Amino acid sequence: MPGGRLTHEDRQGIGAGLAEGLGYAEIARRLGRPTSTVSREVARNGGTDGYRADRALRATERRARRRAPALAAPRPHDELDRDELRCFAEQFVALLVETGLPGMASRVLVRLFLTDSGGLTAADLVGQLRVSPASVSKAVSYLEGLEMVRRERDPGRRRERYVVDDDVWLRAWTRDTRTTATWADTARRGAGIVGTGTPAGVRLDHMGQFFATLSDDMAGGPSGVDDALTLLAALVHTRAPADVGQLATGLGWSAERVADALRHAGPDRISPAQRAALAA
C-alpha cells in the first residue's frame, strides 16, 4: 500500500532505479509509492550515491529496535539522530533547488544554516561536502552575488570564513522587490514602444500592471499584507465607516501606517467588473 512500510523488494527497486539514474518521482511511480517516501528513504540511507538496499534494511531494523517509547523525554541536541538531520538537510537542499538555486549553492547554503556559528571555511565545506575547492568557490561566489553569503576574516588566521546572517531573507526580499519593479518599468516601456493598442502592447501593459502591483505589495514589507488584513478586520468589527484618524486611534497605529494598510487593501485589488458586480 502507498502508506505502508517499505519492503526489501521496494528497497531493491529503489537501488535499481538510482543505478539507472532515475529521479525520485519515476522510482516512486514504478513502486506505487509517494515520492516523499522514496526521497526520505534515500536521504536516510546514504543519499543517491551511497544507497544500498541491504544496508538500508539493516539500518531501518536497528532504528526500530532502539526507537524510544512515545512518551520518552526529548533528546538533547547532541544526541540528535544523524539520519534525521541528514534527511532534513536533503529535503532543505531539494526545496532550494526547486526555487531555482543551483544544486551546489543550495548544499553550501544549507551547510551554513545548519552550523551553530553560521560560518564555515572553504576547507570545512570541502571536507563536509566532499567536493573540490573550485566547486565551493564557485558556489560561494554565486551566493555572494545574491547577497545571501558574505566573507569575513577568520580571527587570528589568514583564511576566510563564509557566513550567512540572520537577515539573509530580508535582504533577499529587498533585492527581489527591486527586480520586480524593474520588470514593471521594462514592460511599460515596451508597451509604449510597440503601442498599447496592439496585441503585443496589451500583453506588455498587462505584464507591467501585474509586476507594478506586486512590487508595491513587496515594498510594503512582509507585514504590509498583515496590516491590511488587520484593518479590514477592524472595519468589519466596527460595522460603520471610519476615517484614518479613528482607525489610527482604535488600532494604536500612526496615521501613516493606517494609510499604508489602506493602500494595500485599496480598490485596485478588484477589477472594474468586480466592483460593478458588488455594487449591483
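Treat the numbers as computed from the prediction; the structure is a model and nothing was measured.
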Do [X] and [Y] belong to the same hydrophobic cluster, where Ile, Leu, Val, Met, Phe, Trp and Tyr are linked whenever their side-chain heavy atoms lie under 4.5 Å apart, directly or via other members?
X: L146; Y: V110; value: yes
X: V131; Y: L114; value: yes
X: Y24; Y: L22; value: yes
X: L96; Y: F113; value: yes
X: V97; Y: L129; value: yes

Just how far is it from atom [atom1] of [X] to atom [atom2] of [Y], taken to the nearest 0.5 Å?
X: L57; Y: T7; atom1: CG; atom2: OG1; answer: 9.5 Å
X: L85; Y: F92; atom1: CG; atom2: CZ; answer: 12.0 Å
X: M207; Y: R188; atom1: CE; atom2: CZ; answer: 11.5 Å

For Q128 and D124, which I'm curious about, is there any donor-acceptor pair between the side chains at under 3.5 Å?
no

Worksheet item: Do you see a donor-acceptor pair shorter than 3.5 Å between the side chains of T182 and D185?
Response: no

The side chain to side chain donor-acceptor pair (under 3.5 Å) partners of R151 (sequence neighbours excluded) come to E144, E160

Would you check, one step at a time, whether the test salt bridge (charged side-chain N to carboxylate O under 4.0 Å, His left out) holds for E84 with R40? CA-CA 9 Å; E84 291 183 15; R40 285 196 299 269; over 6 Å; no

Which atom names give the shortest non-hydrogen contact between [X] and [Y], and what distance separates them?
X: M104; Y: S135; answer: CG-O, 3.8 Å
X: L18; Y: Y51; answer: CD1-CB, 3.7 Å
X: A184; Y: G208; answer: CB-O, 3.7 Å
X: T196; Y: V202; answer: O-CG2, 3.4 Å
X: G190; Y: L204; answer: C-CD1, 3.5 Å
X: V194; Y: A200; answer: CG2-C, 4.1 Å

For residues [X] and [Y], determine if any side-chain heavy atom of one lies less than 4.5 Å from a side-chain heavy atom of the other.
X: L101; Y: L109; value: yes
X: T37; Y: P34; value: yes
X: L143; Y: V164; value: no
X: L125; Y: Y162; value: yes
X: R111; Y: R107; value: no

| message | Determine whether L31 and I14 satisfy the following criterion, side chain to side chain contact (heavy atoms under 4.5 Å, CB included), listing intermediate values before the conclusion. | response | CA-CA 8 Å; L31 298 177; I14 292 174; 3.5 Å; yes

Are any side-chain N or O atoms of [X] and backbone N or O atoms of [Y], one a donor and one an acceptor, separated by less than 3.5 Å?
X: S106; Y: P102; value: yes
X: T249; Y: Q246; value: no
X: Q91; Y: F88; value: no
X: S39; Y: S36; value: yes

Going through the checks in order, is the side chain to side chain contact (heavy atoms under 4.5 Å, CB included) test met by N45 and R55? CA-CA 8 Å; N45 295 286; R55 188 187 307 162; over 6 Å; no

- Query: Which of parallel (below 30°), tilted (30 to 60°) and perpendicular (above 60°) describes F211 and W183?
  - Reply: parallel

Quick one: do R33 and D10 make a salt bridge, cutoff under 4.0 Å? yes

One thing to verify: whether E90 and R86 come together as a salt bridge, which I'm taking to mean a side-chain N less than 4.0 angstrom from a carboxylate O. no

| said: Applying side chain to side chain contact (heavy atoms under 4.5 Å, CB included) to V108 and Y142, what does each step give before you reach the verdict? | reply: CA-CA 11 Å; V108 168; Y142 183 88; over 6 Å; no

### Test side chain to side chain contact (heavy atoms under 4.5 Å, CB included) applied to L120 and R161, step by step
CA-CA 5 Å; L120 293 169; R161 297 173 71 248; over 6 Å; no

